[in-house]
Protein chains: 2
Amino acid sequence: MAQATGPSRPQPSTLGDVARLAGVSIATASKALNGRSQVRAETRERVIEAAERLSFRPNQLARSLLAGRTGTVGLLTSDLEGRFSIPILMGAEDAFGAGEVAVFLCDARGDAIREQHHVRALLSRRVDGLIVVGSRTDPRPSLGRDLPVPVVYAYAPSEDPADLSIVPDSVGAGRIAVDHLLACGRTRIAHITGDPGYCAARERAEGALAALADAGLAPVGEPRFGSWSEGWGRAATAMLLDRHPEVDAVLCGSDQIARGVMDVLRERGHRVPEDVAVMGFDNWKILTSAARPPLTSVDMNLEQVGRAAAQAVFAALAGSPRSGIEPQGCRVVIRGSTAPLS
Amino acid sequence: MAQATGPSRPQPSTLGDVARLAGVSIATASKALNGRSQVRAETRERVIEAAERLSFRPNQLARSLLAGRTGTVGLLTSDLEGRFSIPILMGAEDAFGAGEVAVFLCDARGDAIREQHHVRALLSRRVDGLIVVGSRTDPRPSLGRDLPVPVVYAYAPSEDPADLSIVPDSVGAGRIAVDHLLACGRTRIAHITGDPGYCAARERAEGALAALADAGLAPVGEPRFGSWSEGWGRAATAMLLDRHPEVDAVLCGSDQIARGVMDVLRERGHRVPEDVAVMGFDNWKILTSAARPPLTSVDMNLEQVGRAAAQAVFAALAGSPRSGIEPQGCRVVIRGSTAPLS
DNA sequence: AAAAAGACCGAAAAGGCTTTCTGGAACGCT
DNA sequence: AGCGTTCCAGAAAGCCTTTTCGGTCTTTTT
């Protein structure tokens with residue numbers, strides 16, 4: 001019953017149709033359209049015109065079946081709504097999109113079973129490669145070593161060092177954040193950050209402390225771990241100001257935390273950035289640009305991560321697989337919340 | 001040169017391999033694995049075991065080529081980073097994912113040329129259908145009527161009424177927002193909203209005014225159009241309070257605006273929700289849950305839009321195409337920023 | 001003028017699978 | 001014993017394209 005008589009869609013024409021209309025064989029039509037040389041110019045002309053008349057588009061399925069390569073890649077993400085998957089996805093789309101590669105998007109919803117299911121489905125569709133995007137920077141289980149296609153892990157590295165993982169350089173991010181604050185002349189720097197269960201929180205703190213140590217400084221108080229929320233930013237700032245009113249900069253583990261921090265600073269009469277400079281991480285524009293003043297933040301260059309992952313898939317396909325963890329540099333985006341001490 | 005000698009990937013086994021191992025013909029193997037009836041139970045057993053030993057996965061390309069249907073759908077979005085595409089994308093992935101459908105994701109970056117390019121690429125991959133996701137609710141040009149597959153427009157409707165568009169009911173959203181404020185006993189309601197160039201702003205305002213009129217009320221001042229930013233929310237609120245200090249509720253055109261509104265209300269000593277109730281639109285959790293107090297907001301049910309779009313593609317595929325604009329209901333998510341007047 | 005060399009086109013195979021059709025064997029019946 | 005059934009398995013066609021190889025036909029060379 002399914003086959004109701006809809007507006008009978010014009011079904012795509014085949015190479016055979018083109019050949020018939022041009023009065024040549026299928027083989028010749030193929031050669032003409034693909035720029036092969038064994039075709040007379042006049043014949044080629046005729047075939048091309050016929051193809052246009054029929055608006056012929058070669059069936060990629062048939063092509064792929066023959067070639068053994070499909071020009072498709074599977075993108076396996078774990079949280080679409082997360083703000084990390086999306087830029088990576090964009091970067092990958094970007095790197096692929098220019099060429100002739102299409103991306104299959106699958107969301108495993110953080111479920112290993114569903115992930116396996118998707119991997120199988122993608123493999124049976126004969127994707128040429130796989131990119132696995134995590135939702136946090138903590139290591140995740142490998143898909144295994146014996147897959148028939150190259151796999152690249154993005155954002156969340158694989159636990160297996162034999163796999164290739166492209167991740168943001170969180171330690172470096174912490175360093176350059178502190179370096180920027182130091183360059184602004186700040187020396188009494190506190191660090192308020194998120195959930196210590198997150199690798200990102202620990203590594204950023206590690207980088208920040210290292211940069212401080214390199215400058216012969218110690219942080220104002222210990223780094224304060226909590227949660228990734230504005231509420232925590234407010235609470236931690238209240239405590240911080242009570243105990244260390246001399247602070248002249250707060251490095252926040254995320255932009256959300258930074259907004260909470262700035263709210264309390266303002267309420268308590270501290271000027272940003274004149275009295276206290278504030279920085280965040282992630283450079284989430286909806287938060288940074290709406291803050292008062294706009295928030296300086298460390299951008300994780302996630303699109304770059306996505307692009308690099310896509311390029312790594314290409315490289316592996318071309319016979320140069322890599323392995324290990326490849327951190328990508330981050331960058332400070334300077335806005336109004338940090339400025340030199342005057 | 002590309003073919004460097006990598007770790008020679010195990011190449012997938014074919015039905016022929018399975019048949020040989022099981023000692024039957026390819027045809028029999030196919031029938032055995034697909035549950036066709038003309039196979040002796042014992043033979044089927046043997047084939048299945050062989051398939052498992054070889055971890056055989058049927059090549060979907062070959063299958064699709066034969067069947068004329070690929071079980072793939074193209075998802076054409078215009079702004080991946082926008083917060084509207086993503087939930088829709090999730091809804092669609094959701095509706096499809098359960099079954100045997102895979103989604104090709106393409107981002108046209110708002111460029112018509114690139115969009116055409118993607119459409120062609122998707123068609124040559126023989127997708128079974130297309131979902132076009134816009135980045136705002138304003139009508140967009142149609143892809144045309146003579147495509148070989150069904151097309152469904154999501155969020156942004158097509159300009160051509162012969163197409164099928166699934167959109168959030170913005171007018172209805174305005175109505176239910178005001179209804180909720182009325183239910184809270186508010187009667188002096190102002191509306192501060194975004195860019196009047198956006199359909200969403202105009203329609204939400206229209207719905208809000210209609211609901212007020214139904215209750216025999218008029219808004220406090222005219223709706224104030226501006227931009228979708230916290231800054232505008234702050235500025236508009238300052239003007240509003242100067243001119244109409246009696247206001248007891250502010251309906252904001254977006255959650256961002258609402259946050260700006262709430263900031264100024266608090267700074268001026270108005271309590272939310274006791275003195276003034278505040279509502280937003282979009283239910284963007286990062287903003288609503290971090291607000292003080294958490295912000296009541298109208299959720300556009302975008303995942304529902306995505307699901308409905310996916311189902312519409314199925315329906316069209318099954319021979320029941322629809323057309324016109326199908327608005328999907330929205331819903332109020334009540335949080336701390338609205339409460340009954342006491 | 002005959003032979004060699006191109007130039008151009010088409011037949012056919014391949015890629016992996018599904019499906020229809022044919023045919024052989026085993027069975028029950030008159 | 002002969003006939004018609006039923007049950008299973010295999011051969012082959014088909015999906016659409018690319019590519020190899022062989023074959024015509026025209027042109028050049030000796």
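What you see is a predicted model; the values in this text were computed from it and never measured. Proteins come first, then strands; the chains are lettered A, B, ... in the order of their sequence lines, and each starts at number 1. When reading the values below, keep in mind they use all heavy atoms of this one structure, side chains included, and skip hydrogens, waters and symmetry mates.
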Got a salt bridge between A:E100 and A:R63, using NZ or NE/NH1/NH2 to carboxylate O under 4.0 Å?
->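 So A:E100 does not pair with A:R63 through a salt bridge.
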Got a sec, which residues hit side chain to side chain donor-acceptor pair (under 3.5 Å) with B:S25, two or more places apart in sequence or on another chain?
->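 Expected list: B:T28.
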List for me each residue that meets side chain to side chain donor-acceptor pair (under 3.5 Å) alongside B:R46, sequence neighbours excluded, and say none if there are none.
->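 Here no residue qualifies.
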Take atom [atom1] of [X] and atom [atom2] of [N], then tell me their distance rounded to the nearest Å.
| X | N | atom1 | atom2 | result |
| --- | --- | --- | --- | --- |
| A:Q38 | D:dT24 | CD | P | 17 Å |
| B:E45 | D:dC8 | CD | P | 15 Å |
| B:R44 | D:dC7 | CZ | P | 14 Å |
| B:R126 | D:dC16 | CZ | P | 8 Å |
| A:L61 | D:dT17 | CG | P | 10 Å |
| B:R36 | D:dC7 | CZ | C1' | 17 Å |
| B:R46 | D:dG10 | CZ | C1' | 14 Å |
| B:L66 | D:dC15 | CG | C1' | 5 Å |

Using ring pair (Phe, Tyr, Trp, His ring centres under 6.0 Å) as the criterion, list what pairs up with B:Y153, not counting sequence neighbours.
-> none
Are B:L15 and B:L33 close enough that some pair of their side-chain heavy atoms sits under 4.5 Å apart?
->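 The answer is yes; the side chains approach within 4.5 Å.
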Residue A:N34, side-chain heavy atoms: nucleotide from D:dA11, D:dT20, D:dT18 that is nearest =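 Between D:dA11, D:dT20, D:dT18, the one nearest the side chain of A:N34 would be D:dT18.
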Report yes or no: does A:T70 contribute a side-chain atom to a donor-acceptor pair with the main-chain N or O of A:S64 at less than 3.5 Å?
->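 No.
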Looking at [X], does any N or O in its side chain come under 4.0 Å of the phosphate oxygens OP1/OP2 on [N]?
| X | N | result |
| --- | --- | --- |
| B:S25 | D:dG10 | yes |
| A:R63 | D:dT18 | yes |
| B:R40 | D:dA9 | yes |

Just to be sure I understand the rule, does [X] reach a base, reach only the sugar-phosphate, or reach nothing, if contact means heavy atoms closer than 4.0 Å?
| X | value |
| --- | --- |
| A:I26 | base |
| B:T14 | sugar-phosphate |
| B:T43 | sugar-phosphate |

Upstream residue (5' side of DNA chain D) when A:L15 and B:V24 are each assigned their closest nucleotide | B:V24
Does B:S37 or A:S30 map to a spot on DNA chain D nearer the 5' end, using the closest nucleotide for each?
-> B:S37
Spacing of A:R53 atom CZ and A:I48 atom CD1 [to the nearest 0.5 Å] | 14.5 Å
What distance separates A:N301 CG from A:I88 CD1, expressed to the nearest 0.5 Å?
->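 A:N301 CG to A:I88 CD1: 11.0 Å, rounded to 0.5 Å.
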Global bending angle along the helix from C:dA1-D:dT30 to C:dT30-D:dA1, which compares the axes of five pairs at either end, to 10 degrees |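 Nearest ten degrees gives 60° for this helix.
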Considering non-hydrogen atoms only, spot the tightest contact between B:A32 and B:V39 and give its length.
-> N-CG2, 3.9 Å
Residue closer to the 5' end of DNA chain C, B:L65 versus B:A27 (nearest nucleotide) = B:L65
Walk along DNA chain C from 5' to 3' and tell me the first and last nucleotide with an atom closer than 4.0 Å to a non-hydrogen atom of chain B.
->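 The contacted stretch runs from C:dG16 to C:dT20.
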Listed partners of A:R109 passing salt bridge (Lys or Arg N to Asp or Glu O under 4.0 Å), at least two apart | A:D107, B:E93, B:D94
